[in-house]
Each structure stands twice: as C-alpha cells, then as structure tokens.
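Notes for the one structure printed next.
Proteins come first, then strands; the chains are lettered A, B, ... in the order of their sequence lines, and each starts at number 1.
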Protein chains: 2
Amino acid sequence: MIGGRRSAAIEAIRAAGGRVTAPRQAVLDAVLDADEHHFTASDIVAAIHHTKQPTDRATVYRTLELLTEIGLLDQLQLDSGAAVYHRADHPHGHLLCNECGSVEELPSEVLEDVVGRIASHAGFVVDTARVALSGACRACAAKAAVG
Amino acid sequence: MIGGRRSAAIEAIRAAGGRVTAPRQAVLDAVLDADEHHFTASDIVAAIHHTKQPTDRATVYRTLELLTEIGLLDQLQLDSGAAVYHRADHPHGHLLCNECGSVEELPSEVLEDVVGRIASHAGFVVDTARVALSGACRACAAKAAVG
DNA sequence: CTTTTTGCAAAGCTTTTGCACCACA
DNA sequence: TGTGGTGCAAAAGCTTTGCAAAAAG
C-alpha cells in the first residue's frame, strides 16, 4: 500500500506542527495494533509497558489527546469510568447494555438515519463519533420481557 | 394538590423499606427546589450546606443513589466530569453542544421516534432517560457553516 | 540553539468505603 | 431495641499539572 495508516498518522502529526518522538510512535503503534476497536489510556499504557519504549501515563494521555485533536482518534465516555478511544477511520455508534455490560456497534445506516432526523427536527447536528446509548440489548430485552 | 411530589417521594422511600430521615429530606427538598433541570451531587451538597441540615457528601451520594433506585431521579453522564441527575417526572433526551457548552432538551416526540427506529433496526431498547448526544447546536452549527 | 516533549511526582476531582456512633420505626 | 443511616476520614480511580531535564528540528 502507498503510505499506510502509520505513515499517514506521522505525516498528520508533522502537519500539525508536532514532533515525531519515540514515545509518540510507541503510542501510535499500540493504537494501530489494538485488536479491540475500543481502548482506554490504561490499555495503551499496559500495551507499551513491556516494550522497548515504556511510556509514562501522562505522556500517553497527552499523546491520545494529540491524536484526537488531529482527527486520528475519537474519544468518548461509555460510562463514568475511563474514557474510551477508537480509531476515527472506523466510525460507528455505541450501544451499551445495562444488564450484561456488552458494547455493540450501531450500524452506520441506522446512525445516519437517526442523526439526520435529529438534525431536521431539532436543528442539532449530532457528532456521529460520540454516540453512546444505554439500554438493553436484544438478548437482555427478550429476557426481561419473558422473566 | 392531593399529596404533592414531596409526600409522594417520602411515601416511595417508605415503600422501599427505607427510613425517612432529616438528611434524606434535606436532599429531597434540594432536589425538588432545584431551579435547574439538571444538577450534580456537588450542587446538592452546596445547596444544603448553609441550611439547618448540612449533610455530608457521602450521605448525599447515598441518598441520590436511593432516589434513583426508587425511580424518582434519573442519572446520566453528560461528560467525563460529575454525574448529572434530573427528576424522572420530566423525561427528556439531552443535546450537548461542544462549541458553546449549552445543554438543550431533545423533544420527546423526536426521542421516541429515534428510539423506536433503533429498536426496530438494531433490536436494542434504548433507555430514554439516559440519552445524551454531543454535537453542535443550531446556532453554533450555523456559525461553523458560515465561518 | 530554541522550542517542544518527557518523566516524575503530586495534586485534583468525583465517588466509594470502613467503621463507630446515632436514631428511626 | 435492633436494623438501617450518618458522619468522618481515608482511599480509590482517572486525569491533569508544574517543573526540570532531555530531545527534536
């Protein structure tokens, strides 16, 4: 591929007037290597901890903030706990089940539909990258209806 | 009126097997007197602080949790900061503007519509009491489009 | 060389918890 | 009078900040 995600990200950091340092590359690699679509600052700290470039919590927080500012990551609050990040190249809404704690993705077509309706009926432009809704997933809703 | 909100709430506490104490009534009064539709635990602590029944933070947290459990309040996380509560007798969604920081209410008709669509298209039953969406309000969206 | 970034340590903020004392029912 | 509630103080969990040393451009 011509210029992968990694080099594109490094370009973006430079374009924003930022310096490309070893700690930043370590965070970036951890973010790109993440199997999960969602990860917290602690996840990144842990992932880097045993590598050749262990990085301080504060630096990880500052780097994630930077990556969010330049549009590579989206940050959102799934609950009262730690902030959760996900790559901006995989936009989607989040559905959090209060019963089983699962986090499923809201299909982008439904998300677009819903956001469009709110825009036209309430004049509010919802940021699709930060949609998180609580409730009951299909399985738990069925369980509740029966039980 | 026959049995106002206050006495109904006290009834509910008793019905749940809880005791009606001075601190709990103080929190309840602060909640019912709140001009704002939204308030945090700190708001309640501050409101009670200079009254005849100043109450400890821990007790306020425990009481707000109780009131939420018995269905008098809804709790939601508007951002990474403090949890926000609102009275359950005034159900509505929340629209948070990232630009100006305003919090407006999502009309319940639009909310119902949206929640219904997510239920039918994604099989997920959204809790209408905990809907909070980030984005740009009408004014700020217009400003962004022009600027 | 100048400016940004890092690491460390400490503090900030919200919320929770352990425990002895107090009080409602 | 017995169980449940309260206050105090301390701790937990996430995140931010001040500052001197280190490093990028």
Side-chain angles (χ1 to χ4, degrees), chain A residues 9-30 38-70 73-85 101 132, chain B residues 7 9-30 38-70 73-85 132:
Chain A
I10 290 181
E11 277 294 294
I13 292 175
R14 276 215 182 78
R19 294 179 178 177
V20 178
T21 66
R24 283 179 175 178
Q25 293 184 60
V27 171
L28 185 57
D29 288 338
H38 311 97
F39 47 84
T40 65
S42 293
D43 290 338
I44 301 300
V45 171
I48 299 178
H49 184 255
H50 54 75
T51 67
K52 295 182 179 178
Q53 189 58 239
T55 303
D56 191 74
R57 278 195 312 285
T59 300
V60 170
Y61 277 105
R62 288 185 282 228
T63 303
L64 290 176
E65 181 183 24
L66 170 68
L67 296 179
T68 300
E69 278 171 2
I70 64 180
L73 296 180
D74 288 321
Q75 178 189 26
L76 72 162
Q77 203 69 27
L78 293 191
D79 56 69
S80 53
V84 173
Y85 297 81
Chain B
S7 28
I10 291 181
E11 278 293 296
I13 292 176
R14 277 214 183 79
R19 293 179 180 173
V20 179
T21 66
R24 282 178 177 177
Q25 292 182 60
V27 171
L28 185 56
D29 288 337
H38 311 98
F39 47 84
T40 65
S42 293
D43 290 338
I44 300 301
V45 171
I48 299 179
H49 184 254
H50 53 76
T51 68
K52 296 182 179 178
Q53 188 59 241
T55 303
D56 191 74
R57 277 196 314 285
T59 300
V60 170
Y61 277 105
R62 288 185 282 227
T63 302
L64 290 176
E65 182 184 23
L66 170 67
L67 296 179
T68 300
E69 279 171 1
I70 65 180
L73 296 180
D74 288 320
Q75 179 190 24
L76 73 162
Q77 203 70 27
L78 293 191
D79 55 69
S80 54
V84 172
Y85 296 81

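No more than 12 heavy atoms of other residues, nucleotides or ligands shown are found within 6.0 angstrom of CD on E11(A).
If you measure from atom CD1 of I44(A) to atom C1' of dT15(D), you get 16 Å, rounded to the nearest angstrom. Atoms CD (Q77(B)) and P (dC13(C)) sit 17 Å apart, rounded to a whole Å. Per the geometry, NE2 belonging to H49(B) stands 14 Å off C1' belonging to dG7(D), to the nearest Å. What separates CD of Q25(A) from P of dT5(C) is a distance of 14 Å, to the nearest Å. One atom, CD of Q75(A), and another, C1' of dT15(D), lie 10 Å apart when rounded to the nearest Å. Between R24(A) atom CZ and dG7(C) atom C1' the separation is 14 Å, expressed in whole Å. For the pair E69(A) CD and dT5(C) P, the interatomic distance rounds to 11 Å; values are reported in whole Å. A straight line from CG of L76(A) to C1' of dT15(D) spans 16 Å, rounded to a whole angstrom.
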*Show your working on side-chain contact (heavy atoms from CB on, under 4.5 Å) between Q75(B) and L73(B) and close with a plain yes or no.*
CA-CA 7 Å; Q75(B) 179 190 24; L73(B) 296 180; over 6 Å; no
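Taking each heavy atom of I10(A) and V20(A) in turn, the nearest pair found is CG2-CG2, 3.7 Å. The two atoms that bring A41(A) and V60(A) nearest to each other are O-CG1, 3.9 Å, heavy atoms only. Of all the heavy atoms in H38(A) and D43(A), the pair that sits closest is O-OD2, 4.5 Å. Residues A132(A) and Q77(A) come closest through the heavy atom pair CB-O, 4.5 Å.
At a threshold of 4.0 angstrom between heavy atoms, the contacts of A83(B) are confined to the sugar-phosphate backbone, with no base atom among them.
Residues satisfying the side chain to side chain contact (heavy atoms under 4.5 Å, CB included) test with D29(A), not counting sequence neighbours, are R6(A).
Only one option out of T40(B), I44(B), L64(B), L67(B) pairs with Y85(B) in a side chain to side chain contact (heavy atoms under 4.5 Å, CB included); it is L64(B).
Residues from residues 11-19 of chain B that place a heavy atom under 4.0 Å from any atom of DNA chain D, listed by number: G18(B), R19(B). Against DNA chain D, the stretch residues 54-65 of chain A makes heavy-atom approaches under 4.0 Å through R57(A), A58(A), Y61(A), R62(A).
Side-chain contact between R62(B) and L66(B) is absent, with no heavy-atom pair separated by less than 4.5 Å.
Within the structure, every side-chain polar atom (N or O) of T21(A) is placed at least 4.0 Å from both OP1 and OP2 of dT4(C).
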